[in-house]
Amino acid sequence: MNFAISIDGFAAVYVFMLAAFAGWVIIGHVPAILHTPLMSGSNFVHGIVVVGGIFTLLNASNGLERAIGFFAVLLGAGNAAGGFAVTDRMLAMFQVSGKPAHPIKSGHAKARHPKTS
Amino acid sequence: MLTMIPQLVIGITDLAAAFLFMFGLKQMSSPVTAPSGIKVAGIGMLVAVLASFLYAFDVDAAAKPFLLSNLGLAAVALIVGGGISWWGGRKVAMTAMPQMVAIYNGMGGGAAGGIAAVELFGGKYHGASQLAVTLAGALIGAVSLSGSLIAWAKLDGILNHPLRLAGQRIINGALLFATLAVGAYLAFTALSGTTPLIPISSLIYIFFACALILGIMVTLPIGGADMPVVISIYNAFTGLAVGLEGFVLQNPALMIAGMVVGAAGMLLTILMAKAMNRSITNVLFTNFGDISKQKQGKIKGSLKPVEAGDAGIFMRYAKEVIIVPGYGLAVAQGQQKLYEFVKLLQAAGVIVKFAIHPVAGRMPGQMDVLLAEAGVPYDLIFQLEDINDEFAQADVALVIGANDVVNPAARTEKSSPIFGMPILNADKAKKVYVVKRGQGKGYAGIVNALFYGDNCDMVYGDAQAVLVKMIEAVRGLGTAAAA
């Protein structure tokens, strides 16, 4: 058995097309209040490039390749770790005023009026 | 046989990572589930990174002698790169968030470019399509790296003024053409087996140099106010570059994650540009400051300064107060004091709401984060389209450190550079208080007619100091009433 992955030609185009569509739809539902965490969150997701960097570095066979591979891992790791750190920090700050959280839907969020009694 | 199990494990973890990334981003569509969403995505990343060390079981023959030291290098790079970034991300002030995102984004672009460089130098790609995709990813990644660094320098205030050369567009066009031409020549010689005029490695260096300079030259002329859109574009670019290099490495997790971010980033860029009432080409090719030098219409009325304490007491006896916070509030670090004042008003029975303009702050949504940091619950925070009709019923609109986003010229004055931009209708409130440092103009450099309106009073001073005075005045009332 062989678990090696091979994606070529049209298969790759299909993967790209569906992924792009998924990204578009997912983000279309994020309320404006979350735009900054969202930007840093998607920034974090492309930090997955570090996996490609590790693959490249492990397969490097001369000084130049190893040096570039090292920096690719260094930068990719920075992208992933930093992106997670700031996004997690920001999202932890969002709180609702002392009552059960009410999910805000899409950009037209209708938050409730604060009860004033 | 030795390679089968690692391949299976890597295949499963990458699949899991791709799923967790999309699930995590989906969770982010509500402030309630968003904190768990990022953690879910984080688990996906951690698992994928750990599993990627299993690539060691199946490396190229030529790389076998270096395997141990390469593993060590990978571990060091992960710990150092990840550690420094983590520390920076934990420490950075929320006001400096846009710069930080720019840096992280540039890192991702650089990593994608680096992977492409190794593929090109080592001739590791298979066939014409992989070579073309490698080159495309290399170009986009390199532009994203150098462009993001310039964006960071601008947001951080290191580069203050847009640099614009005569014939900038021609230079940039020529640079892009040169990069593409070198890339095409590189591909032609590599595929046809003909001997290039200069060594192929030199061609690769020239290609990357052109791409990096292109990123710098494209970003330099763009003004600071437009930087959020630029970061968003580069975020999408890096995603795209990562997706393309994922194809070259035959790694579907990279392909999917990269392309999801690429598409999401593009949509986000369009949303932001819309909120600023500008098209993306407009952001990239014209300077915001340029147009504002036109003559401006005369404004009737005068600026009426009042004491902070009086304004505070007036709001204490209002029924509804809508607060319009701007970046000036964050500069003065006044968010905590503002919320303290709001809690006093609430205790006195005043309905208080926050109205946030889509581009308040230096990054869309940044003001929401800054208020959240101060403890303001998000159900008090309303976006422009949800609250704009309510200003007419509000007794007081309190504008703190905001200027252009409440300038009525955007509605009426065709010659104004912000004409057509959706604004918050603070001028429609019965009473308007504007807290401002001085009589200066806003980011766009235009006079604000709101300040001269009959219903508007100016409270001059540092936002934090003004809020302290307001708090004292309202507290003083409380004790006077009790005594």
Side-chain angles (χ1 to χ4, degrees), chain A residues 3 5 12 15-16 19-20 22-24 26-27 29-30 32-33 35-36 40 42-43 45-46 48-49 51-59 61 65 68 70-88 90-97 101 103-104 111-112 116, chain B residues 7-8 11 21 25-26 29-32 34-35 38 42 48 52 55 59-60 62-63 70 73-74 77-78 81-82 85-86 89-90 101 104-105 107-108 110-112 114-115 117-118 238-239 242 247 249 254 256-257 259-261 263-264 267 363-366 368-369 372-373 377-379 383:
Chain A
F3 295 106
I5 291 171
V15 170
F16 279 145
W24 189 274
I26 289 169
I27 294 322
H29 290 282
V30 173
I33 187 172
H35 272 172
T36 291
S40 72
S42 61
N43 185 28
V45 166
H46 65 53
I48 187 72
V49 70
V51 167
I54 292 173
F55 176 85
T56 303
L57 175 56
L58 294 185
N59 283 290
S61 53
E65 286 180 13
I68 301 174
F70 177 80
F71 279 105
V73 178
L74 191 80
L75 294 175
N79 181 182
F84 182 86
V86 294
T87 311
D88 188 50
M90 280 192 275
L91 288 174
M93 292 170 182
F94 284 90
Q95 290 154 4
V96 77
S97 49
I104 289 181
R112 279 159 176 36
T116 47
Chain B
Q7 269 177 1
L8 181 63
F21 286 158
L25 280 177
K26 178 80 199 132
S29 53
S30 149
V32 182
I38 183 69
S52 67
Y55 284 128
V59 296
D60 294 343
N70 278 347
L73 282 176
L78 266 183
S85 255
W86 181 273
R90 286 277 149 199
V101 172
Y104 295 147
N105 188 52
M107 286 176 155
I115 293 168
V118 173
T238 302
V242 170
F247 168 72
L249 298 178
L254 262 71
I256 291 172
M259 207 47 73
V260 164
V261 174
L267 176 60
M363 184 173 176
Q366 194 189 7
D368 302 276
V369 174
E373 187 190 20
Y378 60 76
D379 50 300
Q383 305 300 320

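Each chain gets a letter, A, B and so on, in the order its sequence line appears, and its residues count up from 1.
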If every non-hydrogen atom of [X] is compared with every non-hydrogen atom of [Y], which pair is closest and at what distance?
{"X": "A/Ala19", "Y": "B/Val260", "value": "O-CG2, 3.4 Å"}
{"X": "B/Val261", "Y": "A/His46", "value": "CG1-CD2, 3.6 Å"}
{"X": "B/Gly365", "Y": "A/Thr36", "value": "C-OG1, 3.1 Å"}
{"X": "A/Gly83", "Y": "B/Tyr104", "value": "N-CD1, 3.8 Å"}
{"X": "B/Ala77", "Y": "A/Ala77", "value": "O-CB, 4.2 Å"}
{"X": "B/Ala264", "Y": "A/Gly23", "value": "CB-O, 3.8 Å"}

Nearest-0.5 Å distance that lies between atom [atom1] in [X] and atom [atom2] in [Y]:
{"X": "A/Thr87", "Y": "B/Ile38", "atom1": "OG1", "atom2": "CD1", "answer": "4.5 Å"}
{"X": "B/Gln366", "Y": "A/His35", "atom1": "CD", "atom2": "NE2", "answer": "14.0 Å"}
{"X": "A/Ile26", "Y": "B/Phe21", "atom1": "CD1", "atom2": "CZ", "answer": "12.5 Å"}

Give the intermediate values and the outcome of side chain to side chain contact (heavy atoms under 4.5 Å, CB included) for residues A/Phe94 and B/Val369.
-> CA-CA 8 Å; A/Phe94 284 90; B/Val369 174; 4.1 Å; yes
Determine the interplanar angle of the B/Tyr55 and A/Phe55 rings, folded into 0 to 90°, and report it as parallel if under 30°, tilted if 30 to 60°, perpendicular if over 60°.
-> perpendicular
Tell me which of these, [options], has more heavy-atom pairs under 4.5 Å with chain A than the rest.
{"options": "B/Ala34, B/Ser52, B/Gly114", "value": "B/Ser52"}
{"options": "B/Ala48, B/Ala62, B/Ala63", "value": "B/Ala63"}
{"options": "B/Ala117, B/Gly89, B/Ala112, B/Gly110", "value": "B/Gly89"}
{"options": "B/Arg90, B/Lys26, B/Glu373", "value": "B/Arg90"}

Are the side chain of B/Asp379 and the backbone of A/Val96 linked by a donor-acceptor contact shorter than 3.5 Å?
-> no
Answer yes or no: is there a donor N or O on one side and an acceptor on the other, between the side chain of B/Asn70 and the main chain of A/Leu57, under 3.5 Å?
-> yes
Heavy-atom pairs under 4.5 Å with chain B: which of [options] has the most?
{"options": "A/Gly76, A/Gly82, A/Ala80", "answer": "A/Gly82"}
{"options": "A/Asn43, A/Val49, A/Thr56", "answer": "A/Asn43"}
{"options": "A/Gly52, A/Ala92, A/Ala22", "answer": "A/Gly52"}
{"options": "A/Ile54, A/Val73, A/Leu58, A/Ile68", "answer": "A/Leu58"}

Compare all side-chain heavy atoms of B/Leu254 with those of A/Val51 and state whether any distance is below 4.5 angstrom.
-> yes
At a heavy-atom separation under 4.5 Å, does A/Phe71 approach chain B through its side chain, its backbone, both, or neither?
-> neither
Positive for side-chain contact (heavy atoms from CB on, under 4.5 Å) with B/Ile256, one of A/Val45, A/Val15, A/Ile48 | A/Val15
